Amino acid sequence: MSLGKRPPYHDDNMDEHSQPSPKKAEIIISDETVDSNPPRGCDNSSHSEPSSACALAFPPLATPHGHISIDISAKIACDVISEFLAAHPKDPRLRLYVVDQDERAVEAFLENWPPDRDARFSVVLGKITEMRSRSRMTCSILVNEATWRLKPGATPVSVQIQTDGGKAMWDETRRLYPNPGAVGNAYPVPLPVTSPLRQRERVRHIIHVIPPNMNPARPDPVPLQKARLLLRKAYTAMLEAYWRIVGEEADRGKGEGDRDGQEVKDVDGKDENRKMVQGDATKENEQRKNGEPKSLFDILMSSSAACAAESTSPPPVHRSEDRHAWIDMLMPYCEHPEQFTSDQMVWYDEAMVVVRDKFPKAQAHFLVMPRRPIDGLTSLTQKDVPTLEALINCGGSTVDKMKAENPHLEFRMGFHAIPSMRQLHMHVISQDFVGIGLKRKEHYNSFTTRFFNDASEVLARLRAGKSLQYDKREYDHFLKGPLRCHLCNEAPATMPALKAHLDKHARKMRVIIC
DNA sequence: GTTCTAGAAC
DNA sequence: GTTCTAGAAC
């Protein structure tokens with residue numbers, strides 16, 4: 001083993017170069033080695049753990065898959081865990097394990113969390129999906145390192161959990177949450193009783209956590225500073241979800257005792273189990289709906305400088321057809337604006353929200369929306385004139401605010417003829433078109449041809465009782481047309497050429513400072 | 001809406 | 001061999 005200084009978990013049976021043998025004990029905790037057939041009974045008794053219902057096992061997040069150094073990840077994780085445990089100093093239910101098969105990862109955590117610190121957190125060398133079967137350490141809650149796509153097999157840990165969690169776990173995830181998910185959020189899922197991971201390992205919950213990505217080969221890499229913040233947010237969201245589950249398990253235990261063994265055996269008792277699983281999800285949604293403070297930890301974290309104004313709750317559930325879930329992706333902003341960070345949610349009141357476009361097509365790109373559901377321009381009638389006026393006012397204020405910051409920015413406000421998202425949304429977009437979301441010809445053409453309808457014109461049409469119906473075939477034609485610079489009429493042949501061209505304009509106009 | 005990717009274009 | 005697009009998949 002290449003561990004340098006001999007760490008406390010060193011196994012004398014392994015020489016300097018050998019890998020742990022798959023046939024013998026492989027799960028090694030920072031303060032002791034656990035035999036695969038321990039003589040000391042079952043579950044976690046060997047770790048003075050009073051309740052196996054509340055143990056959490058998680059992998060180091062974002063490394064190496066997200067190209068974030070294990071040292072950074074370990075440091076942030078230990079900071080967040082330290083605050084979490086300090087907020088619950090005497091809660092014996094809490095038990096956390098970071099689990100990795102890589103010795104270097106284990107070592108990084110041990111450097112930040114030596115075994116003499118709070119014993120409720122331990123470092124484990126092993127496989128996260130084999131905690132019970134290999135060592136009889138029951139961890140009823142596992143963390144899956146997911147990507148924003150919230151789909152199976154996206155990361156190495158996800159592959160392990162996917163294999164053993166089974167299709168039912170992903171079906172349940174899709175049922176509960178909109179896809180895609182958001183970086184920094186946690187998505188807890190009660191594990192269906194049919195899942196092999198539940199039957200074999202007694203895992204009751206999976207928490208999908210989406211850490212940031214710095215890997216340039218993967219979509220949307222972020223710079224280190226942002227990655228640090230998002231990673232802290234992800235670990236915090238993970239613990240927040242964990243804390244909620246601990247509370248729920250305690251409530252469940254009060255009434256019913258630990259029925260896990262029975263549930264695993266009674267796979268055929270489907271009705272009762274299904275009721276319990278749905279109950280968990282319903283309760284969580286109920287808590288979100290009521291805006292209840294979730295815990296002391298939530299309050300502490302929400303007031304901390306690094307996470308100020310950043311809610312770690314996942315966006316609320318808005319169910320629609322799975323295949324087209326994205327068309328309702330704007331609804332969570334309208335239904336629960338308070339759950340978004342100040343980066344995402346610019347402003348809101350009872351009737352209106354202003355959000356930053358998630359994939360900005362220009363230096364400044366916002367969406368202004370009514371909070372009540374309105375299915376696009378086509379559903380507007382003359383009765384909605386005040387709504388449209390309010391949207392335009394709101395957009396105007398946003399423009400004023402932006403121009404105060406950079407007077408060189410020019411804006412247009414308007415609507416796409418054929419929007420992709422269902423909820424009525426007005427674009428407020430600066431006219432530089434230098435934005436990380438501008439990738440395809442259709443993106444550019446959707447804002448620079450007749451496909452884009454100025455808000456003032458739309459309002460005039462609505463006031464005059466004229467139709468706001470747009471023929472899809474006619475307007476799609478504008479998207480397919482040739483690229484032509486909206487400022488100088490030049491016609492770059494490709495998108496990369498156009499982007500380089502627009503970048504020059506933007507620099508001349510001093511829209512881009514650096 | 002976005003990402004992924006085969007194959008066209010260079 | 002690399003860049004880029006466009007359609008499929010999500």
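All of these numbers come straight from a predicted model, not from anything done at the bench.
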Using a 3.5 Å cut-off and no angle test, enumerate the donor-acceptor pairs between side-chain atoms of residues 391-402 of chain A and protein atoms at least two apart in sequence or in another chain.
{"from": "A:S397", "atom 1": "OG", "to": "A:N393", "atom 2": "O", "distance (Å)": "3.1"}
{"from": "A:T398", "atom 1": "OG1", "to": "A:C394", "atom 2": "O", "distance (Å)": "2.9"}

Taking distance alone, no hydrogens or angles, what donor-acceptor pairs closer than 3.5 Å link side-chain atoms of residues 476-487 of chain A to residues at least two apart or in another chain?
{"from": "A:D476", "atom 1": "OD2", "to": "A:K472", "atom 2": "NZ", "distance (Å)": "2.7"}
{"from": "A:R484", "atom 1": "NH1", "to": "A:N489", "atom 2": "O", "distance (Å)": "2.8"}
{"from": "A:H486", "atom 1": "ND1", "to": "A:Y444", "atom 2": "OH", "distance (Å)": "2.7"}
{"from": "A:H486", "atom 1": "NE2", "to": "A:Q431", "atom 2": "O", "distance (Å)": "2.8"}

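Between A:H416 and B:dG1 there is a side-chain N or O to OP1 or OP2 distance below 4.0 Å.
Computed from coordinates, the A:M369 CE to B:dG1 P distance equals 12 Å when rounded to whole Å. In this structure, A:D328 atom CG and B:dG1 atom C1' are separated by 12 Å, rounded to whole Å.
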Please tabulate, one pair per line, each protein N/O and nucleotide N/O from nucleotides 2-8 of chain C that are separated by under 3.5 Å, including the distance.
{"from": "C:dT5", "atom 1": "OP1", "to": "A:M495", "atom 2": "N", "distance (Å)": "3.0"}
{"from": "C:dG7", "atom 1": "N7", "to": "A:R440", "atom 2": "NH2", "distance (Å)": "3.4"}
{"from": "C:dG7", "atom 1": "O6", "to": "A:R440", "atom 2": "NH1", "distance (Å)": "2.9"}

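Annotation: salt bridge (Lys or Arg N to Asp or Glu O under 4.0 Å) contacts involving residues 384-396 of chain A, sequence neighbours excluded, comprise A:R372-A:D384, A:E389-A:R463.
Residues passing the salt bridge (Lys or Arg N to Asp or Glu O under 4.0 Å) test with A:R412, sequence neighbours excluded: A:D454. With sequence neighbours left out, the side chain to side chain contact (heavy atoms under 4.5 Å, CB included) criterion links A:H67 to A:M214, A:N215, A:P216.
Contact annotation for A:H425: no contact, since no heavy-atom pair falls under 4.0 Å across all strands. Among the protein residues, A:M329 comes within range of no part of the nucleic acid, since none of its heavy atoms lies under 4.0 Å from any strand.
Using modelled atom types, one side-chain atom of A:R461 and one backbone atom of A:S467 make a donor-acceptor pair closer than 3.5 Å.
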